Amino acid sequence: MSKSLPSRAENYSEWYNELVKRADLAENSAVRGCMIIKPYGYSIWEKMQRALDDMFKETGHTNAYFPLFIPKSFLSKEASHVEGFAKECAVVTHYRLKNDPNGGGVIVDPDAKLEEELIVRPTSETVIWSSYKNWIQSYRDLPLLINQWANVVRWEMRTRLFLRTAEFLWQEGHTAHATKKEAIDETEQMLEVYAEFAETFMAMPVLKGIKTANERFAGAEETYCIEALMQDGKALQAGTSHFLGQNFAKAFDVKFLSKENQLDYVWGTSWGVSTRLMGALIMAHSDDQGLVLPPKLAPIQVVIVPIYKGDEQLNLIKDKIDPLVKALKKQGVSVKFDTSENQSPGFKFAEYELKGVPIRLAIGGRDIENGTIELARRDTREKTSMPFDGIEQVVIDTLQDIQEKIYAKAFAFRESNTHEVNTWEEFQTKIEEGGFISAHWDGTSETEEKIKELTKATIRCIPLGVKKETGKCVLTGSTSEHRVIFARAY
RNA sequence: CGGGGUGUAGCGUAGCCCGGUAUCGCGCUUGGUUUGGGACCAAGAGGUCGUAGGUUCGAAUCCUGCCACCCCGACCA
């Protein structure tokens with residue numbers, strides 16, 4: 001195994017794959033397309049879950065759990081929904097194995113065929129709405145605000161760790177409301193929650209917007225999304241929030257009696273983010289040395305590496321560091337004091353950089369004599385020797401500063417890679433350079449598809465609050481009322 | 001599912017053309033010396049050469065089937 005990572009410039013996707021493996025985030029499993037999320041990677045996901053879950057609770061949602069298996073008949077109740085997912089569903093057809101009479105291990109018992117096949121959920125709208133039918137009778141039962149943390153399966157042809165896997169972890173919120181307005185408000189609220197999470201925790205700027213009909217979720221009336229720009233200039237859809245209208249209520253016959261004693265279908269939403277966010281996090285900040293994690297999501301925020309000759313010196317260092325570790329932990333900072341002897345300091349430096357630990361403190365005999373300690377920040381890779389006294393506060397301030405700086409850096413990157421484009425020639429040139437392209441579009445699916453065919457670029461979103469501006473579609477020249485954002489996407 | 005490629009120790013590989021039971025590096029174990037940016041020395045452990053069959057006295061090597069994985073396309077969060 002070579003020591004350094006492939007560089008981003010050299011081969012971005014190889015850099016990504018190697019980074020995921022070397023930083024011990026995840027690896028491929030025996031089943032094609034599935035991944036094993038390793039402890040270090042999973043602890044980042046847990047931090048994401050915690051933060052998101054708190055935000056969901058704060059906005060009035062409660063968690064529940066619905067089954068993995070969906071009767072095939074459920075899936076076909078909402079026409080566009082089946083159509084959207086049919087091609088990538090795993091299907092359970094039997095419930096028993098038996099020993100192969102010809103001696104070849106176990107085989108599927110042909111006598112154990114299921115009456116009705118079960119679909120491994122690609123998403124849970126159908127199971128959930130079939131329950132909601134029983135749970136909702138009156139306006140007093142509304143709104144129903146439920147979230148679940150679960151795994152889902154979509155049988156993708158080509159997969160990549162975190163970015164697209166056959167099985168992935170996510171949360172899916174499913175809500176039911178008495179009015180259309182309330183449901184739309186909910187959809188927009190959850191988009192805000194996602195955007196806030198992405199920006200404050202992941203330090204990743206996102207563009208909020210609405211999907212075009214082509215890119216809309218199967219079964220939704222409107223799909224809201226947050227879109228992020230990765231370092232290679234490709235866009236990544238980081239989260240979606242769907243206004244379902246009354247589609248699922250009608251498909252599953254979910255009606256309620258209003259205050260006015262009127263029977264009507266309820267209005268629905270669903271919204272989700274997945275382990276794909278891990279991919280976004282990795283690509284948003286990391287460099288050729290490895291991961292760069294925002295302090296708010298880093299499993300280890302500070303690592304302390306002792307440099308010593310002999311036990312005596314190590315003990316001196318321990319005497320100094322133990323109280324510091326205690327003090328930092330008390331302040332809620334996660335610290336690792338790495339006293340392991342089997343690796344040299346240099347190895348540890350490289351290792352923790354690879355793993356994206358925001359701050360590294362190094363302390364050796366020299367520092368003990370001088371009353372100093374060396375602080376290295378992962379984002380800039382700057383090393384500074386500073387007085388040991390007061391280091392605790394410096395660490396806390398620096399964590400905060402790193403969180404802000406990496407956001408600012410990602411924001412600046414997005415800004416400098418977002419271009420207004422007015423002609424087709426310009427569009428073709430700019431799309432090759434990567435980044436977001438803000439351009440006029442005539443509003444038709446035909447044009448959108450044509451552009452995709454010609455350039456591989458899709459409309460990432462119609463930004464929320466986009467200003468009205470009369471213009472001409474970059475491709476057809478037909479009139480357009482506002483710009484939309486194009487990019488090549490993951 | 002089309003087009004290309006690769007399967008040899010935990011990982012990365014040499015050997016294959018031209019058949020004689022497998023090379024090197026990393027990692028691992030033990031002991032010692034080290035430690036301010038991926039330490040060094042010594043001794044070890046670790047292999048049904050993807051799989052099934054064929055050719056042969058003899059197959060990692062030649063032939064055939066199968067399987068898996070990777071890359072490029074169509075599909076997608």
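Fair warning: this is a prediction, and the values are worked out from it, not measured in the lab.
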Partner nucleotide of [N] by Watson-Crick or wobble geometry (both distances under 3.5 Å):
{"N": "B:G44", "result": "B:C28"}
{"N": "B:U23", "result": "none"}
{"N": "B:A68", "result": "B:U6"}
{"N": "B:G73", "result": "B:C1"}
{"N": "B:C62", "result": "B:G54"}
{"N": "B:G37", "result": "none"}

Say you pick atom [atom1] in [N] and the same atom in [M]; how far apart are they, in whole Å?
{"N": "B:G50", "M": "B:A68", "atom1": "C1'", "value": "7 Å"}
{"N": "B:G46", "M": "B:A52", "atom1": "P", "value": "23 Å"}
{"N": "B:C28", "M": "B:C71", "atom1": "P", "value": "28 Å"}
{"N": "B:C11", "M": "B:C70", "atom1": "P", "value": "14 Å"}
{"N": "B:U8", "M": "B:A59", "atom1": "C1'", "value": "14 Å"}
{"N": "B:G47", "M": "B:G36", "atom1": "P", "value": "36 Å"}
{"N": "B:C16", "M": "B:A22", "atom1": "C1'", "value": "12 Å"}
{"N": "B:U6", "M": "B:A45", "atom1": "P", "value": "34 Å"}

Rounded to whole Å, how long is the line connecting atom [atom1] of [X] with atom [atom2] of [N]?
{"X": "A:Ile307", "N": "B:A39", "atom1": "CD1", "atom2": "P", "value": "13 Å"}
{"X": "A:Asn342", "N": "B:U33", "atom1": "CG", "atom2": "P", "value": "16 Å"}
{"X": "A:Arg160", "N": "B:C71", "atom1": "CZ", "atom2": "P", "value": "8 Å"}
{"X": "A:Arg488", "N": "B:G73", "atom1": "CZ", "atom2": "P", "value": "11 Å"}
{"X": "A:Leu314", "N": "B:U34", "atom1": "CG", "atom2": "P", "value": "16 Å"}
{"X": "A:Arg378", "N": "B:G37", "atom1": "CZ", "atom2": "P", "value": "17 Å"}
{"X": "A:Arg22", "N": "B:G27", "atom1": "CZ", "atom2": "C1'", "value": "13 Å"}
{"X": "A:Asn315", "N": "B:U35", "atom1": "CG", "atom2": "P", "value": "17 Å"}

Kindly compute the distance separating CD1 (A:Ile307) from CD (A:Gln313), expressed to the nearest 0.5 Å. 10.0 Å
CD1/A:Ile363 to OG1/A:Thr372 distance, rounded to the nearest 0.5 angstrom? 7.0 Å
Need one value for [X]: base, sugar-phosphate or nothing, where a base atom within 4.0 Å counts as base even if backbone is also close, heavy atoms only.
{"X": "A:Gln237", "answer": "sugar-phosphate"}
{"X": "A:Arg360", "answer": "base"}
{"X": "A:Thr165", "answer": "base"}
{"X": "A:Leu163", "answer": "base"}
{"X": "A:Gly272", "answer": "nothing"}
{"X": "A:Phe168", "answer": "base"}

Which is more 5' along RNA chain B, the nucleotide nearest A:Arg381 or the one nearest A:Gly33? Just name the residue. A:Arg381
With RNA chain B as reference, determine whether A:Gly364 or A:Phe162 sits nearer its 5' end, using the nearest nucleotide of each.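 Of the two residues, A:Gly364 wins.
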Are A:Phe486 and A:Phe427 an aromatic pair, judged by ring center distance below 6.0 Å?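 Centroid separation for A:Phe427 and A:Phe486: below 6.0 Å.
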Can you confirm whether or not the ring centre of A:Trp271 sits under 6.0 Å from the ring centre of A:Phe56? yes
Between [options], spot the one nearest the side chain of [X], thanks.
{"X": "A:Glu351", "options": "B:G38, B:G37, B:C75", "answer": "B:G38"}
{"X": "A:Glu353", "options": "B:C75, B:C71, B:G37", "answer": "B:G37"}
{"X": "A:Ala350", "options": "B:C70, B:G38, B:G73", "answer": "B:G38"}
{"X": "A:Arg366", "options": "B:G36, B:A39, B:C71", "answer": "B:G36"}
{"X": "A:Lys456", "options": "B:G37, B:G73, B:G36", "answer": "B:G73"}
{"X": "A:Lys383", "options": "B:G36, B:C71, B:G37", "answer": "B:G37"}
{"X": "A:Tyr308", "options": "B:U35, B:G37, B:G36", "answer": "B:U35"}

Apply salt bridge (Lys or Arg N to Asp or Glu O under 4.0 Å) to A:Glu167 and A:Arg154, showing your working. CA-CA 6 Å; A:Glu167 179 194 19; A:Arg154 297 182 189 174; over 6 Å; no
Kindly label the base of B:U35 as syn or anti, based on whether its glycosidic torsion lies within 90° of 0.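 This nucleotide is in anti.
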Cation-pi between A:Lys320 and A:Phe388: NZ/CZ under 6.0 Å from ring centre and within 45° of the ring axis? yes
Out of A:Glu172, A:His174, A:Lys57, A:Gln171, which residue meets the side-chain hydrogen bond (donor to acceptor under 3.5 Å, both in side chains) rule with A:Asn147?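 Considering A:Glu172, A:His174, A:Lys57, A:Gln171, a side-chain hydrogen bond (donor to acceptor under 3.5 Å, both in side chains) with A:Asn147 is found only for A:Gln171.
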How close do A:Lys47 and A:Lys296 get, heavy atom to heavy atom, and via which atoms? CD-O, 4.0 Å
For a quick check, tell me whether the side chain of A:Gln343 and the base of B:G38 share a donor-acceptor pair closer than 3.5 Å. no
Does B:A39 have OP1 or OP2 sitting under 4.0 Å from an N or O in the side chain of A:Ser344? yes
